[in-house]
Asks: 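Take a look at this one; I'll ask things after.
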Amino acid sequence: MRQDITDGSARELRYGRGDRTAIPPSSRTGPPPLTYVSFGERPLRRLPQLFIGLALYGFSLSLMVRASLGVNPWSVLYEGLEGRTNLSFGTISAVLGVLVLLLWIPLKQRPTFGTVANIIVLACSSDLGLLLVPPHLGLPARIVLLIGGVLLGGLSVAVYVGARFGPGPRDGLMTGASAATGRSLRSVRTLMEIAVLAVGWLLGGSVGAGTALYALAVGPTTQFFLPWFAYRGGRRDGPAQGPSGV
């Protein structure tokens, strides 16, 4: 998914420095630009989008957890660690986010405002969602939660990635590892997800139909909504740092 949604950056570079007038009308129906845009460019327009998207994504994770039908690979790891520590689901996501940032150092990746917001907002919103949504629901309700969580996840990724505040910790690790090893983003991301899923499963995290559904559906859902929410700025400041992400 991440490789597909970053394809728009090449289109932006081809037609100028993000200038609205430089991008031909036909390109607006294609992949939107998702490269990093500096904090100072229209923050009142972009900040609410970032925070809303991150909050919705954290809530979508909690819906999948309460569905108890399988969660995405990183949530499998969070669940596994939650069962073996006294930390909450959201706290574990934040702690691992900080640990992942340490891996950025040898890869020469630089965190942005969006990176820090990703760690904090996801931790708070996922814990809040777990407080609001009761556990041990009947199977029909759990199926609804699962489908809603996957669809909301795809939508929310499009919202916060479209704000273009820089990559989340895990996406930054992906892009940095890809640049350092010369391997494709797709292969690096796949290896990361498999490793995280395996460790989370061994620790007792839930793997099920929801895990497969998330893997199959969240990418196309995000791709569908991105053109609606991607910020098409008047200029590009700083190097491309990949998309924001979980």
Asks: Is the closest side-chain heavy-atom distance between Val95 and Leu81 below 4.5 Å?
Replies: no

Asks: So, the side chain of Thr175 versus the backbone of Asp171: is there a donor-acceptor pair under 3.5 Å, distance only?
Replies: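 Flag set: sc Thr175 to bb Asp171 pair under 3.5 Å.
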
Asks: Go through the steps for Val100 and Trp74 under the test side-chain contact (heavy atoms from CB on, under 4.5 Å), then give the verdict.
Replies: CA-CA 12 Å; Val100 168; Trp74 283 94; 4.3 Å; yes

Asks: Anything under 30° is parallel, anything over 60° is perpendicular, the rest tilted; go ahead and classify Phe229 against Phe225.
Replies: tilted

Asks: Leu50 and Trp228: same hydrophobic cluster, using ILVMFWY side-chain contacts below 4.5 Å?
Replies: no

Asks: Taking Tyr214 as the starting point, is it possible to reach Leu216 by hopping between hydrophobic residues whose side chains are less than 4.5 Å apart?
Replies: no

Asks: Kindly determine whether Leu145 and Met64 satisfy side-chain contact (heavy atoms from CB on, under 4.5 Å), including the steps that lead there.
Replies: CA-CA 6 Å; Leu145 288 181; Met64 293 188 66; over 6 Å; no

Asks: What heavy-atom pair brings Gly40 and Pro43 nearest, and what distance separates the two atoms?
Replies: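 The answer is O-CD, 3.5 Å.
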
Asks: Starting from Leu151, can I reach Leu54 by hopping between I/L/V/M/F/W/Y residues whose side chains sit under 4.5 Å apart?
Replies: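 Yes, Leu54 connects to Leu151 through the hydrophobic network.
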
Asks: Nearest heavy-atom pair of Val188 and Thr181: which atoms, and what distance?
Replies: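 Minimum heavy-atom separation between Val188 and Thr181: CG2-OG1, 4.3 Å.
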
Asks: What do you reckon, is CZ of Arg183 surrounded by more than 12 foreign heavy atoms closer than 6.0 Å?
Replies: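 Check fails, neighbour count at 12 or below.
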
Asks: Tell me, do Leu34 and Leu226 make a side-chain contact under 4.5 Å, heavy atoms counted?
Replies: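 In short, these two side chains touch, coming nearer than 4.5 Å.
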
Asks: Indicate yes or no: at least one non-hydrogen side-chain atom of Ile119 is less than 4.5 angstrom from one of Leu101.
Replies: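 Heavy-atom side-chain distance check passes, below 4.5 Å.
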
Asks: Nearest 0.5 Å, what's the OH-CZ distance between Tyr231 and Arg42?
Replies: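 Reported to 0.5 Å precision, the distance equals 5.0 Å.
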
Asks: Quick check: do Leu130 and Val65 have side-chain heavy atoms less than 4.5 Å from each other?
Replies: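 Yes. Closest side-chain heavy atoms under 4.5 Å.
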
Asks: So, do Asp127 and Leu131 sit near enough that their side-chain heavy atoms are less than 4.5 Å apart?
Replies: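 A side-chain contact under 4.5 Å is absent here.
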
Asks: Locate the shortest heavy-atom distance separating Gly154 from Thr222; write the atom from each residue and the value.
Replies: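 Answer, listing the atom of Gly154 first, then Thr222: O-OG1, 3.1 Å.
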
Asks: Decide whether Leu152 and Phe89 are clustered together by the hydrophobic rule: side chain heavy atoms of Ile, Leu, Val, Met, Phe, Trp, Tyr closer than 4.5 Å, transitively.
Replies: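 In one cluster with Leu152: Phe89, no.
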
Asks: Among side-chain atoms of Thr112 and Thr115, is any donor-acceptor pair under 3.5 angstrom?
Replies: yes

Asks: Going through the distances and angles, do Val37 and Arg46 end up as a side-chain contact (heavy atoms from CB on, under 4.5 Å)?
Replies: CA-CA 10 Å; Val37 174; Arg46 295 164 56 221; 3.7 Å; yes

Asks: Quick check: closest heavy atoms across Gly153 and Tyr57, and the distance to 0.1 Å?
Replies: O-CD1, 3.8 Å

Asks: With hydrophobic residues grouped by side-chain heavy-atom distances under 4.5 Å, do Leu96 and Leu103 end up in a single group?
Replies: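 Yes, because Leu96 and Leu103 connect within a single hydrophobic cluster, where side-chain heavy atoms sit under 4.5 Å apart.
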
Asks: Counting C-beta onward and ignoring hydrogens, is there a side-chain heavy-atom pair between Trp104 and Leu173 closer than 4.5 Å?
Replies: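 Of all side-chain heavy-atom pairs linking Leu173 with Trp104, at least one is under 4.5 Å.
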
Asks: Can you confirm whether Asn118 sits close enough to Tyr160 that some side-chain heavy atom of one is under 4.5 Å from a side-chain heavy atom of the other?
Replies: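 In contact.
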
Asks: Strictly distance-based, threshold 3.5 Å: is any side-chain N or O of Arg142 a donor or acceptor partner for the main-chain N or O of Ser68?
Replies: yes

Asks: Taking it one step at a time, do Leu61 and Val71 satisfy side-chain contact (heavy atoms from CB on, under 4.5 Å)?
Replies: CA-CA 8 Å; Leu61 298 181; Val71 292; over 6 Å; no

Asks: Of all the heavy-atom pairs spanning Leu203 and Arg84, show the shortest one and how long it is.
Replies: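 Of all heavy-atom pairs spanning Leu203 and Arg84, the closest is O-NE, 3.0 Å.
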
